[in-house]
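We're numbering straight along the sequence, starting at 1. The structure presented is a predicted model; accordingly, all values stated were derived computationally and were not measured.
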Amino acid sequence: MSKITVYSKPNCMQCNFTKKYLDDKGVEYSTLDVFADEEALNHIKSLGFQSLPVVEIDGEEPFNGFRPDLLAKLA
């Protein structure tokens, strides 16, 4: 099973939708708050992202935003 990381921030609707979708489908993931973790913020910036959430999956291309079409592949 691939490791999934969701980079998010407080009060982010798309972040909450993404995490709820994964929770509802029973998909295990870890979450990092980019407001609390400067290293996580620098990491997603180095990937070229400027908006959240960013979903990073081992061996896959990371993506941002609430993307049910891509999240469905994880369930």
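- Listed by chain and number, the residues in a side chain to side chain donor-acceptor pair (under 3.5 Å) with Asp69 are Arg67 (sequence neighbours excluded).
- Within 6.0 Å of CG on Asn11 lie no more than 12 heavy atoms contributed by other residues, nucleotides or ligands.
- Hydrophobic clustering of Ile, Leu, Val, Met, Phe, Trp and Tyr side chains at less than 4.5 Å, counting indirect connections, keeps Leu70 apart from Tyr7.
- Counting heavy atoms from C-beta outward, Pro10 and Asp33 have side chains that approach closer than 4.5 Å.
- With a 6.0 Å radius and a threshold of 12 heavy atoms from other residues, nucleotides or ligands, Tyr21 has its OH atom above the threshold.
- The same ILVMFWY cluster, assembled from side-chain heavy atoms under 4.5 Å apart, contains both Phe17 and Tyr29.
- Under the 4.5 Å side-chain heavy-atom criterion for ILVMFWY residues, a single connected hydrophobic cluster contains both Phe35 and Leu47.
- Phe66 and Phe49 fall into different hydrophobic clusters, defined by Ile, Leu, Val, Met, Phe, Trp and Tyr side-chain heavy atoms under 4.5 Å apart, directly or through other members.
- Considering Thr18, Val34, Thr31, Leu32 in turn, Thr31 is the only one that fulfils the side chain to side chain contact (heavy atoms under 4.5 Å, CB included) rule with Ser8.
- Rounding to the nearest 0.5 angstrom, the gap separating the CD atom in Glu60 from the NZ atom in Lys3 is 15.0 Å.
- Considering only heavy atoms from C-beta on, Ile4 comes within 4.5 Å of Leu74 through its side chain.
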I'd like a table of donor-acceptor pairs (distance under 3.5 Å, sequence neighbours excluded) in which one partner is a side-chain atom from residues 39-46, with atom names and distances.
from  : atom 1 : to    : atom 2 : distance (Å)
Asn42 : ND2    : Glu38 : O      : 3.3
His43 : NE2    : Glu56 : OE1    : 3.1
His43 : NE2    : Glu56 : OE2    : 3.1
Ser46 : OG     : His43 : O      : 2.6

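- Leu71 and Val54 are members of different hydrophobic clusters when ILVMFWY side chains are connected at heavy-atom separations under 4.5 Å.
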